Amino acid sequence: MYLSGSTKVFTKIWYGELSLTKAIADDKLKVVGEATYRQTLQEWFGISSFTTEAPRFVAPDYRHP
């Protein structure tokens, strides 16, 4: 199995600013491999221990004060 996406996308997922489901649905993350592993991706692909218990899954917009 392999995952393909930008560093920015992986970072947002890792910090809980973007869900795996949304990244895949929006075609920002490609997942290639056996169906068994793809279906359990959410279970074994962890997020940062520094992320809060309830990640936001929406990246803040720092461009506007």
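For the numbers below, each heavy atom of this structure counts, side chains included, while hydrogens, waters and symmetry mates do not. Here the structure is a predicted model, which means the values were calculated and not measured.
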Least distance between heavy atoms, Met1 atom then Trp44 atom: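 Between these two residues, the closest heavy atoms are SD-CZ2, 3.3 Å.
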
Contacts of type side chain to side chain contact (heavy atoms under 4.5 Å, CB included), residue Thr36, not counting sequence neighbours: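 Testing Thr36 for side chain to side chain contact (heavy atoms under 4.5 Å, CB included), a comparison that skips the adjacent residues, returns none.
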
Qualifying residues under side chain to side chain contact (heavy atoms under 4.5 Å, CB included), relative to Thr7, sequence neighbours excluded: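 So Thr7 forms a side chain to side chain contact (heavy atoms under 4.5 Å, CB included) with Thr11.
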
Atom pairs and distances, donor-acceptor, side-chain atoms in residues 23-30, under 3.5 Å, two or more places apart:
unit_1, atom_1, unit_2, atom_2, d
Asp26, OD1, Lys22, NZ, 3.4
Asp26, OD2, Lys22, NZ, 2.7
Asp27, OD1, Lys30, NZ, 2.7
Asp27, OD2, Lys30, NZ, 3.1

